[in-house]
Amino acid sequence: MPALVLLGAQWGDEGKGKATDLLGGSVDYVVRYQGGNNAGHTVVVGDQKYALHLLPSGILSPGCTPVIGNGVVVDPSVLLSELSGLNERGVDTSKLLLSGNAHLITPYHTEVDKVTERFLGKRKIGTTGRGIGPAYADKINRVGIRVQDLFDESILTQKVEAALDFKNQVLAKLYNRRAIRTEQIVDELLGYAEELRGYVADTTLILNNAVDEGKVVLFEGGQGTLLDVDHGTYPFVTSSNPTAGGACTGAGVGPTKINRVIGILKAYTTRVGAGPFPTELLDADGEALRTIGGERGVTTGRDRRCGWFDAVIARYATRVNGLTDFFLTKLDVLTGWERIPVCVGYEVDGERVDELPQSQSDFHHAKPVYEYLPGWSEDITRAKSFSDLPKNAQNYVKSLEEMSGAPISAIGVGPGRDETIQINSFL
Ligand code: GDP
Ligand code: IMO
Ligand code: MG
């Protein structure tokens, strides 16, 4: 049975946490394959609200084994505090599996993230400041520290020394910061080793066996398609591949084993941090979407930038991820608008375009071309089936589906687990 990828189709915060949690009950493994604790995934179960950063959202489903794959960057202090926070609330986390090949975020990565952003000034990316970019940079530069290094003090010391050799020059000479001592980092990291040892496993082997045995494996993306380092709005992106291919490299499972790729798509658009955003609203409508949608970052508490739905982006997400389905979230937030603008194309320097412009400069100049769909005023939060939705809400969903290039198989009408209309099964 299926191996599914569930990922963000826009700029993150589409409601991936809720979608993963919803499927969690019927899934054997939920796997994070990229990113780190830059993610903020909210899951609402009954009257309990959970904010997850590094752990897969499936951790809240008792039958499900949560996995942190090799493609994730792991801040061990964050991982342990997230685990103990969940344990205090009665969540069993003992099944967690952690890839020994995952790279670690150390205090020097968070330090470099913050000073680099400060140094960039008005050109900054607006990162989450969690050390994500510098940790991935070290991975690619082959000076990263991996989870498995925690269990060999001599190797760990050599590797930290090698990483700090260069970094301390930069910190001291360029950023005027104090150098970081190797022993301080090694001592801190060794302090996490014993607590983490029991979770470490050959996750690629386990996951491939699981898929071969017909278990249901769900790969949960962090961030979103437009934040992908290859396919997003570079350089205003994160430093990993949230797109579907990232699930293969970030978990060690081949593309022939993936059956379904589900894009989580908000019924409007949000973005946190800097970078182009054609449908952004800087007016009362933007403020209303932010307030009604509760659009404030789970990780950094920053207000999210808000705008209308952008079908060009949705089509692009279908293409670069090979999406088989969409899960449309937060439809309830749009209740009350008399008519709802939807961006169907762009105007770039006087020319109409229907696809995401290839050049960054063109995308920065892209002006949305809107179509206006009739709104609805009825409360839809209790709708259980598509036919329970008012006609205009049905029409909104159908129009988005036609524009976006893949079937909308589920619709979110509220944050709770049960506030979902399932149209086609994902399994
Ligand atoms: P993620 O990063 O993609 O997991 O999304 P976040 O958790 O950062 O942000 C999504 C927010 O929307 C959370 O507060 C969810 O509880 C909430 N949410 C998810 N689906 C729905 C929905 O269908 N309706 C409403 N009103 N809220 C939703
Ligand atoms: P979830 O998983 C929204 C954004 C940051 C910044 C850029 C780079 O909750 O959808 P980074 O710290 O990753 O180097 O920052 O990416 N960003 C997110 N935006 N949701 C997220 O995660 C994000 N993770 C990173 O705001 O613009
Ligand atoms: Mg989020």
Side-chain angles (χ1 to χ4, degrees), residues 6-22 32 34-45 48-54 56-57 72-73 75 105 109-110 112-114 116-117 124-137 220-229 232-240 242 263-277 289 291-305 327-335 379-381 383 410-421:
L6 192 154
L7 53 81
Q10 294 151 320
W11 276 284
D13 303 323
E14 299 90 348
K16 299 178 291 293
K18 174 187 152 162
T20 309
D21 170 68
L22 189 72
R32 275 288 304 270
Q34 48 67 237
N37 59 308
N38 47 349
H41 298 170
T42 318
V43 180
V44 180
V45 186
Q48 294 286 310
K49 187 168 168 175
Y50 298 88
L52 300 166
H53 297 284
L54 191 50
S57 308
V72 176
V73 283
D75 185 327
I105 299 178
H109 295 118
T110 27
V112 170
D113 195 355
K114 285 176 185 149
T116 315
E117 282 280 277
K124 72 178 178 188
I125 308 293
T127 73
T128 59
R130 301 298 194 264
I132 306 294
Y136 277 116
E220 178 193 8
Q223 294 77 55
T225 300
L226 275 301
L227 286 172
D228 186 284
V229 68
T233 47
Y234 191 90
F236 302 100
V237 292
T238 193
S239 300
S240 65
I264 314 302
L265 187 67
K266 214 179 271 196
Y268 51 98
T269 315
T270 64
R271 168 162 211 174
V272 196
F277 178 1
L289 287 174
T291 310
I292 302 167
E295 298 297 353
R296 175 156 294 125
V298 183
T299 300
T300 58
R302 288 178 289 179
D303 274 354
R304 293 174 182 155
R305 300 158 63 191
F327 189 144
L328 185 73
T329 60
K330 302 191 106 165
L331 185 65
D332 53 301
V333 174
L334 293 179
T335 300
D379 177 16
I380 61 168
T381 55
I411 303 166
V413 291
R417 237 183 210 177
D418 50 353
E419 288 170 309
T420 304
I421 298 170

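For ligands, and for the atoms within them, numbers begin at 1 and follow the listed sequence. Computed over heavy atoms, backbone and side chain alike; hydrogens, waters and symmetry mates excluded.
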task: Please state which part of Lys16 comes within less than 4.0 Å of ligand 2, counting heavy atoms only: side chain, backbone, both or neither.
output: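 For Lys16, the contact with ligand 2 is made by the side chain alone.
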Problem - For ligand 2, the portion of His41 having any non-hydrogen atom under 4.0 Å away - result: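 The part of His41 near ligand 2 is the side chain, not the backbone.
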What atoms of ligand 2 come closer than 4.0 angstrom to any heavy atom of [X]?
X: Gly273; result: 27 (O)
X: Arg302; result: 5 (C), 26 (O)
X: Gly222; result: 2 (O)
X: Gly12; result: 10 (O), 20 (N)
X: Trp11; result: 3 (C), 19 (N)
X: Ala39; result: 1 (P), 2 (O), 9 (O), 22 (O)

Quick one: does any side-chain atom of [X] pair with a main-chain N or O of [Y] as donor and acceptor, under 3.5 Å?
X: Thr225; Y: Gly8; result: yes
X: Tyr136; Y: Gly35; result: yes
X: Glu220; Y: Ser57; result: yes
X: Gln10; Y: Tyr268; result: yes
X: Glu117; Y: Gly126; result: yes

Requested in this report: Determine whether the side chains of Thr128 and Arg130 contain a donor N or O and an acceptor N or O closer than 3.5 Å.
Outcome: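 No pair is found: no donor N or O on one side chain lies under 3.5 Å from an acceptor on the other.
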Starting from the N and O atoms of ligand 1, find every protein N or O within less than 3.5 Å and list the pair with its distance.
{"from": "ligand 1", "atom 1": "2 (O)", "to": "Asp13", "atom 2": "OD1", "distance (Å)": "3.3"}
{"from": "ligand 1", "atom 1": "2 (O)", "to": "Gly40", "atom 2": "O", "distance (Å)": "2.8"}
{"from": "ligand 1", "atom 1": "3 (O)", "to": "Glu14", "atom 2": "N", "distance (Å)": "3.1"}
{"from": "ligand 1", "atom 1": "3 (O)", "to": "Gly15", "atom 2": "N", "distance (Å)": "2.9"}
{"from": "ligand 1", "atom 1": "3 (O)", "to": "Lys16", "atom 2": "N", "distance (Å)": "2.7"}
{"from": "ligand 1", "atom 1": "3 (O)", "to": "Lys16", "atom 2": "NZ", "distance (Å)": "2.9"}
{"from": "ligand 1", "atom 1": "4 (O)", "to": "Lys16", "atom 2": "N", "distance (Å)": "3.3"}
{"from": "ligand 1", "atom 1": "4 (O)", "to": "Gly17", "atom 2": "N", "distance (Å)": "2.8"}
{"from": "ligand 1", "atom 1": "5 (O)", "to": "Gly15", "atom 2": "N", "distance (Å)": "3.3"}
{"from": "ligand 1", "atom 1": "7 (O)", "to": "Thr42", "atom 2": "N", "distance (Å)": "2.7"}
{"from": "ligand 1", "atom 1": "7 (O)", "to": "Thr42", "atom 2": "OG1", "distance (Å)": "2.7"}
{"from": "ligand 1", "atom 1": "8 (O)", "to": "Asp13", "atom 2": "OD1", "distance (Å)": "2.9"}
{"from": "ligand 1", "atom 1": "8 (O)", "to": "Gly40", "atom 2": "O", "distance (Å)": "2.8"}
{"from": "ligand 1", "atom 1": "8 (O)", "to": "Arg304", "atom 2": "NH2", "distance (Å)": "2.9"}
{"from": "ligand 1", "atom 1": "12 (O)", "to": "Lys330", "atom 2": "NZ", "distance (Å)": "3.0"}
{"from": "ligand 1", "atom 1": "23 (O)", "to": "Lys330", "atom 2": "N", "distance (Å)": "2.9"}
{"from": "ligand 1", "atom 1": "23 (O)", "to": "Gly412", "atom 2": "O", "distance (Å)": "3.2"}
{"from": "ligand 1", "atom 1": "23 (O)", "to": "Val413", "atom 2": "N", "distance (Å)": "3.4"}
{"from": "ligand 1", "atom 1": "23 (O)", "to": "Gly414", "atom 2": "N", "distance (Å)": "3.4"}
{"from": "ligand 1", "atom 1": "23 (O)", "to": "Gly414", "atom 2": "O", "distance (Å)": "3.3"}
{"from": "ligand 1", "atom 1": "24 (N)", "to": "Asp332", "atom 2": "OD1", "distance (Å)": "2.8"}
{"from": "ligand 1", "atom 1": "24 (N)", "to": "Gly414", "atom 2": "N", "distance (Å)": "3.2"}
{"from": "ligand 1", "atom 1": "26 (N)", "to": "Asp332", "atom 2": "OD1", "distance (Å)": "3.4"}
{"from": "ligand 1", "atom 1": "26 (N)", "to": "Asp332", "atom 2": "OD2", "distance (Å)": "2.7"}

Considering all heavy atoms of both residues, which atom of [X] and which atom of [Y] are nearest to each other, and what is their separation?
X: Thr299; Y: Asn38; value: OG1-O, 3.3 Å
X: Ile125; Y: Val237; value: CG2-O, 4.0 Å
X: Thr110; Y: Gly129; value: CG2-O, 3.7 Å
X: Gln223; Y: Gln34; value: OE1-NE2, 3.1 Å

Exercise for review: Compute the minimum heavy-atom distance from Ser239 to ligand 2 and say whether it is under 4.0 Å.
Suggested key: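 Heavy atoms of Ser239 never come under 4.0 Å of ligand 2.
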query = With a 4.0 Å cut-off on heavy atoms, does Gly126 reach ligand 2?
reply =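 Under 4.0 Å: yes for Gly126.
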**Prompt:** What protein N/O/S atoms lie closer than 2.8 Å to the Mg ion (ligand 3)?
**Reply:**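 N, O, S partners closer than 2.8 Å: Asp13 OD1, Gly40 O.
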May I ask you to identify the nearest protein heavy atom to [atom], giving residue, atom name and distance to one decimal place in Å?
atom: atom 12 (O) of ligand 2; value: Thr128 OG1, 2.6 Å
atom: atom 3 (C) of ligand 2; value: Asp13 OD2, 3.2 Å
atom: atom 25 (C) of ligand 2; value: Gln223 CG, 3.8 Å
atom: atom 15 (O) of ligand 2; value: Thr127 CA, 3.3 Å

_Let's go through Thr233 and Trp11 carefully: what are the C-alpha distance in whole Å and the side-chain angles of both, what is the deciding distance for side chain to side chain contact (heavy atoms under 4.5 Å, CB included) to 0.1 Å, and is it a yes or a no?_
CA-CA 9 Å; Thr233 47; Trp11 276 284; 3.4 Å; yes
Going by the closest heavy atom to atom 17 (N) of ligand 2, which one wins out of Asn37, Asn38, Thr238, Leu227?
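Closest candidate by heavy-atom distance is Leu227.
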Which option, Val237, Thr270, Leu52, Thr299, owns the non-hydrogen atom nearest atom 7 (C) of ligand 2?
->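 Nearest heavy atom to atom 7 (C) of ligand 2 lies in Val237.
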Do [X] and [Y] touch side chain to side chain, with heavy atoms closer than 4.5 Å?
X: Thr127; Y: Ile132; result: no
X: Thr329; Y: Lys16; result: no
X: Lys18; Y: Val43; result: no

In Å and rounded to the nearest 0.5 Å, what is the [atom1] to [atom2] distance from [X] to [Y]?
X: Arg32; Y: Leu54; atom1: CZ; atom2: CG; answer: 6.5 Å
X: Thr20; Y: Leu6; atom1: OG1; atom2: CG; answer: 4.5 Å
X: Glu419; Y: Ile421; atom1: CD; atom2: CD1; answer: 10.5 Å

- Counting both backbone and side chain atoms, is some N or O of Val272 under 3.5 Å from an N or O of ligand 2?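 Looking only at distances, the answer is yes, because the N/O contact criterion of under 3.5 Å is met.
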Check ion pair Arg304-Asp13 (N to O, under 4.0 angstrom):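 Yes.
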